[in-house]
2 protein chains.
Amino acid sequence: MDQRLPVSGAQGDLLRLVATGKAESRADLARLSGLAASSVSLRVEELISLGLLGEEGSGTSRGGRRPRRLRLSPSAGVLAVADLGAHHARLGLLDLSGVPLVIEERPCEIARGPAATLDLLSDAFDELLAVHVPGDVPLRGVGTGIPGPVDPATRRVVTPSRMPGWNNFPVAEHLGLRYDLPILVENDANLMAAGEAKHWPGCDNLMVLKAGTGIGCGVIVNGHLHRGRGAAGDISHVRVRSDSSVLCACGHPDCLEAYASGAALMSALADSGITVARPADIVGLVNDAIPEATSLVRGAGRRIGEVLTVLVNFFNPDVIAVGGSLSAAEPLITAIRAAVYERCLPLATRDLEIAPARAGRDAALLGAGALLLEAALA
Amino acid sequence: MDQRLPVSGAQGDLLRLVATGKAESRADLARLSGLAASSVSLRVEELISLGLLGEEGSGTSRGGRRPRRLRLSPSAGVLAVADLGAHHARLGLLDLSGVPLVIEERPCEIARGPAATLDLLSDAFDELLAVHVPGDVPLRGVGTGIPGPVDPATRRVVTPSRMPGWNNFPVAEHLGLRYDLPILVENDANLMAAGEAKHWPGCDNLMVLKAGTGIGCGVIVNGHLHRGRGAAGDISHVRVRSDSSVLCACGHPDCLEAYASGAALMSALADSGITVARPADIVGLVNDAIPEATSLVRGAGRRIGEVLTVLVNFFNPDVIAVGGSLSAAEPLITAIRAAVYERCLPLATRDLEIAPARAGRDAALLGAGALLLEAALA
DNA sequence: CGCTTCATCTTCGATTTCGAAGGAAGTGGA
DNA sequence: TCCACTTCCTTCGAAATCGAAGATGAAGCG
């Protein structure tokens, strides 16, 4: 397991610009890095002779000579990333541009505790590495998403629900025992947001909603993940307007989660005599035009939208991307839109786009890759 | 009216670090700028011979030789800043460190329209400059706060209430006709937030509440003012939970502003047979223990606090600073605290401070200075 | 009081970066 | 087809930056 990239200062900047896809040619690099074109040429030459960068054909002309396209060499390294769920882990390997080499899903009971879960993860990484990556290509970073809050200062899990044994566990340290590499530990919705952000070029302020069993949310401010003190992005325990009163697992009445989460919808459906195994199954019911399901989903969207009105006025994002297993239900996003556009300030909704997430189910893994790159090429 | 500072690249960075008070010595500069100590010495020498920087005694030792303290030369320049209110304008001159040279308040009816108001402002600036600034000290920037939304892209006022004739008026352009200088046009609550941020060292994420006739809010994310698309920070038109239903001026029912703004409190007091001229007078009533006033202020605080719970969970700030003319009423902030601490996630309130604003009544002017510095020394 | 230690600041040769000039490769119009 | 023009990239001397070594001044300590 190799350690640091043999790059210094300017080289790292250039490498990162190529890795993140922002630059494809020496001219791009000069524009984006602020360095002189001549300096860029020098550094790029060095990176090529180090085997980290390669030239690959030429790009499209912008009216003059065609640029010589630069790409990260496949042998520059790989990243190992995972996204832990309650019963499954999605995990895979990415190249240093964040492109997946292999991604798979394994059963993994998070309730078995941190040590067992993380060791299972590490074993899976080692397997994948052995099978899919030549021995001379180094691992450059390891990252994982956690379905609970992560303190950015200590990188420990803090007060998670549904994760027995994980409270205050030093996840990054534990992984660090096995990998002497940059290690990323981050909340799963935050990772999803980081991955989603790459799919909205030109949009610097995003809210990414994860509507699944729970309701998660990641925030991108100015192109960067906003963590606050570790809890930023939570919207699930906001009080909603309601006639009745429902007690949430957190102890407070009328949390959004108690009304609009996949879990809440499932239990409401059960009350109507319709049982489903997973939140994703609700989408099927909606597509089959089961009135109870459609009505419930629409109500959930309205409630989520009402909470979002506050946040849209306050944060004024460019985009609200809606992902998660429930997001495929058309009425959800429609109801969210209706609530937000009806109630928010015109100035705040003028250029606001509320749309389905674009990054797909591997959003969190891609986000982990994006964040790891920053650390690995620092 | 002089134009650009004769500084290039690295010099500007160093000058800015001194101006913002982040650095006081060559060693500080070396640490903060990332430049080598030797390069810093060279550049500082140049800045001193340009008359922009001066040495002034020595600082306190940190265990070794005492640093030679650097200060911006008073002749380096001044900034002209203003904060427009409905009936008054506060305006003044600052040196390039943001320290006030002179600040005064003049009557100024914003309803007379943009051209008349801005020309009155410019005339006032010219007067102050003639009286308080030697002729050889150049003006380096002009900035003003506006009691309405400002589009950061066009720097025009957009859909302001209570500002007839201002909609879509190109404020920056108009001022640019008279001053060929960096020009800042910004919402007043945003300026206040920028000023307040300087008083909370180590805190990168702030919400600054302005509780006066209306309810304004400025947001600092990662040490920088968050503008969004121009409307960011609005919390006054959020729907609050309520038994009755009150129509707000914006056309929606039950906006926070209709319940908790100074204007709303004044009209509620009038219903109790108590008439006051300005929101600030309510503070006096509270201090005199008039029960109606205290009860109203406490209710306003509770409502504001309930809105803040959503934002605290979402944004997870380090500090909520409460300013504005109503903020001197103790029950307001107490009620806000109670609502936030009761309902928010423990993780979000763990290190959260809810406190009175520290920057005083000139916060907006100081904020304008801070933002102008970035532009003037770029 | 002298000694050590520390942080600050400067000197100076080595290294890096810059920028102007020019070559290379392509587009588009006469 | 020729020619002007654009963009991309490299060459090379000038300028800026770095970093190691040393000088400076001050605090801490026996």
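Below, chain A is the first sequence line, B the second, and so on; all start at residue 1. Remember, predicted model here, so these are calculated numbers, not experimental data.
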Taking only side-chain nitrogens and oxygens of [X], does any of them come within less than 4.0 Å of OP1 or OP2 of [N]?
X       : N      : value
B/Arg66 : C/dC9  : no
B/Arg43 : C/dT10 : no
A/Ser39 : C/dC18 : yes

Of all the nucleotides listed ([options]), which has the minimum atom distance to the side chain of [X]?
X       : options                : answer
A/Ser25 : D/dC9, C/dC9, C/dC12   : D/dC9
A/Ala27 : C/dC18, D/dC9, C/dC9   : D/dC9
A/Arg65 : D/dA16, C/dT17, C/dA24 : C/dA24
B/Leu42 : C/dT10, D/dT17, C/dG23 : D/dT17
B/Arg68 : C/dT17, C/dC18, C/dC9  : C/dC9

Practice problem: Let me know which of B/Arg68, B/Arg71, B/Arg69 forms a side chain to side chain donor-acceptor pair (under 3.5 Å) with B/Glu55. | Solution: B/Arg68

Practice problem: Determine the contact category for A/Ser61: base if any of its heavy atoms lies under 4.0 Å from a base atom, sugar-phosphate if only primed atoms, P, OP1 or OP2 are that close, otherwise nothing. | Solution: sugar-phosphate

Practice problem: Answer with base, sugar-phosphate or nothing: what part of the nucleic acid does B/Arg31 contact at a heavy-atom distance below 4.0 Å? | Solution: sugar-phosphate

Exercise. Can you see which heavy atom on B/Val40 is nearest to which on B/Arg26, and at what distance?
Key: CG1-O, 3.6 Å

Practice problem: Select from A/Gly63 and A/Ala37 the residue whose nearest nucleotide in DNA chain D is closer to the 5' end of that strand. | Solution: A/Gly63

Self-check item: A/Arg69 CZ to D/dC9 C1', straight-line distance once rounded to whole Å
Solution: 17 Å

Quiz prompt | NZ/NE/NH1/NH2 to OD/OE distance under 4.0 Å, A/Asp28 and A/Lys22 | solution = no

Quiz prompt | DNA chain C: 5'-proximal contact among B/Ser38 and B/Asp28 (nearest heavy atom) | solution = B/Asp28

Quiz item: Nearest nucleotide by nearest heavy atom, which residue falls closer to the 5' end of DNA chain C, B/Arg26 or A/Val40?
Solution: B/Arg26

